[in-house]
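Reviewing the structure listed below.
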Amino acid sequence: RSMTYTSAQAAKLLRRLNDEYAAMLEREVLSREFNAAVGENVDAVRPAYSYADAQAAQRDLEEKIRKLKHALNLFNATHVIPEFGITIDEMLVYIPQLTKRKSKLAEMKSKLPKYRVAELGRISNIIDYTYLNYDLSEVEADYARVSDELANAQLALDAINNRDTLELPF
């Protein structure tokens, strides 16, 4: 049987399954060994644990996670975001690139065209200045363009992740 999910729902399911897997491993660590005092009834303090059952449950969950991750990867690698003409996986690279560029431009646009160099501990009568070697208005315009592009990219990705669906094999 297969089920239809949006990409956002599938990603949430993947997080839930990974959390469940981590909890399963932790429960195994807590129950696969135990301490008993000398003279204590060992069977009375023995936690419930079956090696075979634990391994089978882990393998089942690992397979589910693997299939889900594969389905998401296929969806991301083949599904094109129409507004941008690129696949989701390309967009997942493009958004951090835009974010980095926006941050760099934010720093550049906040500079004064000429500013005094502050050198701590330097004793001199010579005053150094730093001059911008770029057109501040060009950087400000590029910052606005990149900010808009980033917002549009994030909105387009969110829309497709919450609208378009994929089939999961379980």
Side-chain angles (χ1 to χ4, degrees), residues 1-27 58-170:
R1 85 186 206 284
S2 67
M3 302 260 320
T4 303
Y5 290 84
T6 65
S7 181
Q9 290 170 325
K12 284 185 176 84
L13 177 59
L14 180 61
R15 278 192 297 279
R16 186 177 64 75
L17 292 177
N18 279 322
D19 288 347
E20 188 179 318
Y21 183 70
M24 181 184 287
L25 292 177
E26 184 60 28
R27 281 191 307 272
Q58 289 166 25
R59 280 192 301 276
D60 289 347
L61 197 47
E62 288 165 350
E63 181 181 10
K64 243 184 187 177
I65 290 168
R66 202 169 48 249
K67 286 178 185 265
L68 174 52
K69 186 73 175 147
H70 179 66
L72 271 170
N73 287 341
L74 283 177
F75 181 80
N76 289 347
T78 58
H79 216 78
V80 174
I81 299 173
E83 302 91 327
F84 286 83
I86 61 176
T87 60
I88 293 172
D89 67 332
E90 286 178 279
M91 183 62 85
L92 293 173
V93 173
Y94 187 46
I95 286 175
Q97 289 172 334
L98 286 173
T99 302
K100 196 171 189 175
R101 185 176 314 144
K102 180 183 172 188
S103 179
K104 176 191 74 168
L105 293 170
E107 180 190 342
M108 289 176 74
K109 81 180 190 83
S110 70
K111 301 283 184 175
L112 296 172
K114 169 185 164 185
Y115 59 93
R116 190 173 179 167
V117 176
E119 293 186 32
L120 297 174
R122 181 176 156 190
I123 302 169
S124 173
N125 292 336
I126 299 171
I127 298 172
D128 287 330
Y129 286 91
T130 296
Y131 297 85
L132 298 185
N133 198 19
Y134 54 87
D135 182 341
L136 204 48
S137 63
E138 193 178 334
V139 170
E140 288 168 347
D142 204 23
Y143 176 84
R145 185 192 62 74
V146 168
S147 293
D148 290 346
E149 176 86 354
L150 177 58
N152 291 335
Q154 290 167 329
L155 288 172
L157 181 61
D158 288 347
I160 215 159
N161 280 337
N162 287 300
R163 179 188 66 224
D164 296 7
T165 59
L166 64 144
E167 292 287 320
L168 297 182
F170 52 85

Legend entry - Nearest-0.5 Å distance, CG of residue Asn161 to CG of residue Asn76: 7.0 Å

Legend entry - Within 6.0 angstrom of Arg163 CZ, more than 12 heavy atoms from elsewhere: yes

Pairs of donor and acceptor atoms involving the side chains of residues 88-107, under 3.5 Å and at least two apart or interchain, shall be tabulated with distances.
{"unit_1": "Asp89", "atom_1": "OD1", "unit_2": "Thr87", "atom_2": "OG1", "d": "2.3"}
{"unit_1": "Glu90", "atom_1": "OE1", "unit_2": "Thr87", "atom_2": "N", "d": "3.0"}
{"unit_1": "Glu90", "atom_1": "OE1", "unit_2": "Thr87", "atom_2": "OG1", "d": "3.2"}
{"unit_1": "Tyr94", "atom_1": "OH", "unit_2": "Glu149", "atom_2": "OE2", "d": "2.6"}
{"unit_1": "Thr99", "atom_1": "OG1", "unit_2": "Ile95", "atom_2": "O", "d": "2.8"}

Legend entry - Approximate separation, where rounding is to 0.5 Å, of Leu17 CG and Met24 CE: 9.5 Å

Inset, instruction - Kindly compute the distance separating OH (Tyr115) from CG (Leu112), expressed to the nearest 0.5 Å. - result: 8.5 Å

Legend entry - Test item: Leu168 and Leu13 side chains (from C-beta on) under 4.5 Å apart, heavy atoms: yes

Legend entry - Nearest atoms (heavy-atom pairs only) where Ile160 meets Pro82: CD1-CD, 4.1 Å

Legend entry - Cationic N near anionic O, under 4.0 Å, Lys67 to Glu63: yes

Inset, instruction - Tell me, please, which residues at least two apart from Glu62 pass side-chain hydrogen bond (donor to acceptor under 3.5 Å, both in side chains). - result: Tyr21

Inset, instruction - With the side chain counted from C-beta on, respond yes when Asn152 and Glu83 share a heavy-atom pair under 4.5 Å apart, and no when they do not. - result: no

Legend entry - Spatial distance of atom CD1 (Ile65) from atom CG (Asn18) [nearest 0.5 Å]: 4.5 Å

Inset, instruction - Search all heavy atoms of Met108 against all heavy atoms of Leu136 and return the closest pair with its distance. - result: O-CD1, 3.6 Å

Inset, instruction - Only counting residues at least two apart or in another chain, list the ones meeting side-chain hydrogen bond (donor to acceptor under 3.5 Å, both in side chains) with Glu167. - result: Ser2, Thr4

Legend entry - Glu138 atom CD: more than 12 heavy-atom contacts under 6.0 Å: no

Inset, instruction - Could you check whether the rings of Tyr129 and Tyr131 sit parallel, tilted or perpendicular, using 30° and 60° as the cut-offs? - result: tilted

Inset, instruction - Measure across Asp158 and Asn162 and return the closest heavy-atom pair with its distance rounded to 0.1 Å. - result: O-ND2, 2.9 Å

Legend entry - Atom pair CG (Leu61) and CD (Glu20), whose distance is rounded to the nearest 0.5 Å: 5.0 Å

Inset, instruction - May I ask you to test the Asn73-Phe75 pair for a side-chain heavy-atom distance under 4.5 Å? - result: no

Inset, instruction - Could you tell me whether the side chain of Tyr5 reaches within less than 4.5 Å of the side chain of Leu68, counting heavy atoms only? - result: no

Inset, instruction - In plain terms, say whether Arg145 and Asp142 are close enough for a salt bridge, that is, a side-chain N and a carboxylate O under 4.0 Å apart. - result: yes

Inset, instruction - Measure the spacing between CG of Leu166 and OG of Ser7 and express it to the nearest 0.5 Å. - result: 6.5 Å

